[in-house]
Amino acid sequence: NEAADKITRGGLKGLLGMSASEWYSDNPQILEMLWRCFSEGIIIREEIPWQMVTTGEHKHFAVTFAPVPPDLVMHHAEDITERKQAEEALEESHTLLSSIVEGTPDAVFVKDAQGRYLMANSSAAKIIGKPVQELLGKDNTELMPIGVARRIAETDRQIMDTEESRVGEEHVPVQGTTRTYHFIKAPYRNHRGEVAGIVGIARDITERKQMEENQQRFLVNAAHQLKTPITTIVGAAELLVTKQDLNIAKRRQLLDHIFSEGRHMQRLSETLLRLARVGWDQREPSLKVVDLDAAARRYRVASGSTLGSSQ
């Protein structure tokens, strides 16, 4: 017919009169289907790749072989190349998306308007402690403590009602401990553009939060540690400046206080710098041993000489 002539781009006339074994000499699958249809009297339907004899093109066809008594076989072929290409492109897109979603350590999930999971990656399933397939179709009230589930559901509902994304933190019980997750959630829209649920990503930041709390406590303690020697140094220096009648022994005592507290501040500042370097480049700075007693004796000798000459 005309469709066959169009598919072969006018090459059909050159095939008329050829036997099936000649026409399909390079496609034994077609010959087998033809023979089965003829010998068994059955209708056969298949989707097959096909290289056109007349044009050399590679196509996909949905073929049907139907027996026509007494000794004929009708062959119907529908060109489904565009459909197959679209399916393959969709499959490649799905594979790429799956690789990205499963390749991230963050939890990735999609929920419908009722809070039921439509999609979740293995990281999300690990948080809840169940296989991915056991999450799908369920909401959080079936998967975690009711109080936590209701709190999360309220956040999800606000996102859908306002149609705005949200960034925040959630505390979720995981295997007997409470973990902190940083989340980004946004409305999930269907093919009509209607809000049909939420899509979200969550990252475990428990260790980071603990580190921040430890740093805060350390800074508070360091501030107290610095305040004491500073107060001592300021007080001793003030006496040296205002009390001009102090004897040599008293002046040396005050200088010893200043020196001792100054060294304490120096050690503390070195510790802070060392911790800062380790946090910056993950490398321990080079350290060397210093004899503090010897350094103190040298300082006392030098300061004593200076005071003595000034008298």
Side-chain angles (χ1 to χ4, degrees), residues 101 103-109 111 120-129 140 143-159 162 164-186 198-238 256-290 292 295-296:
V101 169
T104 176
D106 298 337
V108 180
F109 52 88
K111 303 177 188 176
N121 68 351
S122 55
S123 296
K126 185 177 180 181
I127 293 173
I128 297 175
N140 282 332
L143 302 168
M144 57 182 62
I146 190 66
V148 177
R150 287 176 176 171
R151 186 176 70 244
I152 294 175
E154 178 59 26
T155 300
D156 294 349
R157 175 52 56 186
Q158 291 173 6
I159 292 170
T162 61
E164 295 178 352
S165 60
R166 180 174 297 190
V167 177
E169 294 180 5
E170 289 174 347
H171 304 285
V172 180
V174 178
Q175 298 179 356
T177 62
T178 298
R179 309 289 296 181
T180 302
Y181 292 89
H182 177 270
F183 70 81
I184 302 174
K185 294 181 180 180
I198 65 115
V199 57
I201 302 174
R203 172 172 295 181
D204 190 340
I205 59 169
T206 305
E207 281 71 24
R208 192 193 81 187
K209 296 290 288 186
Q210 291 173 345
M211 184 177 68
E212 290 174 353
E213 292 171 1
N214 290 338
Q215 288 176 337
Q216 183 64 29
R217 286 193 292 268
F218 176 80
L219 290 173
V220 171
N221 183 59
H224 285 297
Q225 291 289 327
L226 283 171
K227 183 178 180 181
T228 299
I230 289 173
T231 302
T232 301
I233 290 172
V234 170
E238 184 178 5
D256 283 344
H257 278 305
I258 292 174
F259 174 76
S260 175
E261 296 303 323
R263 287 294 293 160
H264 179 69
M265 290 177 61
Q266 184 182 34
R267 289 192 297 270
L268 183 58
S269 65
E270 288 173 350
T271 299
L272 291 172
L273 286 172
R274 185 166 65 251
L275 290 173
R277 291 191 193 102
V278 171
W280 179 258
D281 58 16
Q282 300 299 313
R283 292 187 295 106
E284 280 282 0
S286 58
L287 302 176
K288 62 179 181 179
V289 177
V290 176
L292 296 180

Item to check | Donor-acceptor pair, side chain of S260 and main chain of D256, under 3.5 angstrom | outcome: no
Checklist entry - Which atoms form the tightest heavy-atom contact between S165 and A186, and what is the distance? => result CB-CB, 3.9 Å
Item to check | Contact summary for F183 and E169, nearest pair of heavy atoms | outcome: CE2-N, 3.4 Å
Next on the checklist: As an exercise, state the distance from CZ of R208 to CE of M211, rounded to the nearest 0.5 Å.
Outcome noted: 8.0 Å
Checklist entry - Quick one: does N140's side chain have a donor or acceptor within less than 3.5 Å of a partner on L143's backbone? => result no
Checklist outcome for this item: Only one of E170, H171, E207 passes side chain to side chain donor-acceptor pair (under 3.5 Å) with R179, and that residue is E207
Checklist entry - Do you know which of D106, I205, V174, I201 makes side-chain contact (heavy atoms from CB on, under 4.5 Å) with Y181? => result V174
Checklist outcome for this item: To the nearest 0.5 Å, atom CZ of R151 lies from atom CG of D156 at 11.5 Å
Checklist entry - How many angstroms lie between OG in S122 and CD1 in I127, if you round to the nearest 0.5 Å? => result 10.5 Å
Checklist entry - With a 4.5 Å heavy-atom cut-off, do V167 and H182 have their side chains touching? => result yes
Next on the checklist: Nearest 0.5 Å, please: how far is NZ in K111 from CD1 in I152?
Outcome noted: 5.5 Å
Item to check | Closest heavy-atom pair and its distance - V108, A124 | outcome: O-CB, 4.0 Å
Checklist outcome for this item: d(K209 NZ, N214 CG) to nearest 0.5 Å is 12.5 Å
Item to check | Nearest heavy-atom neighbours spanning V148 and M144 | outcome: CG1-SD, 3.6 Å
Next on the checklist: Could you check whether any side-chain N or O of N221 sits under 3.5 Å from a backbone N or O of R217, counting only pairs where one atom can act as donor and the other as acceptor?
Outcome noted: no
Next on the checklist: Let me confirm one number: the NZ-CD distance from K185 to Q158, rounded to the nearest 0.5 Å.
Outcome noted: 10.5 Å
Next on the checklist: Can you see whether E212 engages Q216 through a side-chain donor-acceptor pair at a distance of less than 3.5 angstrom?
Outcome noted: no
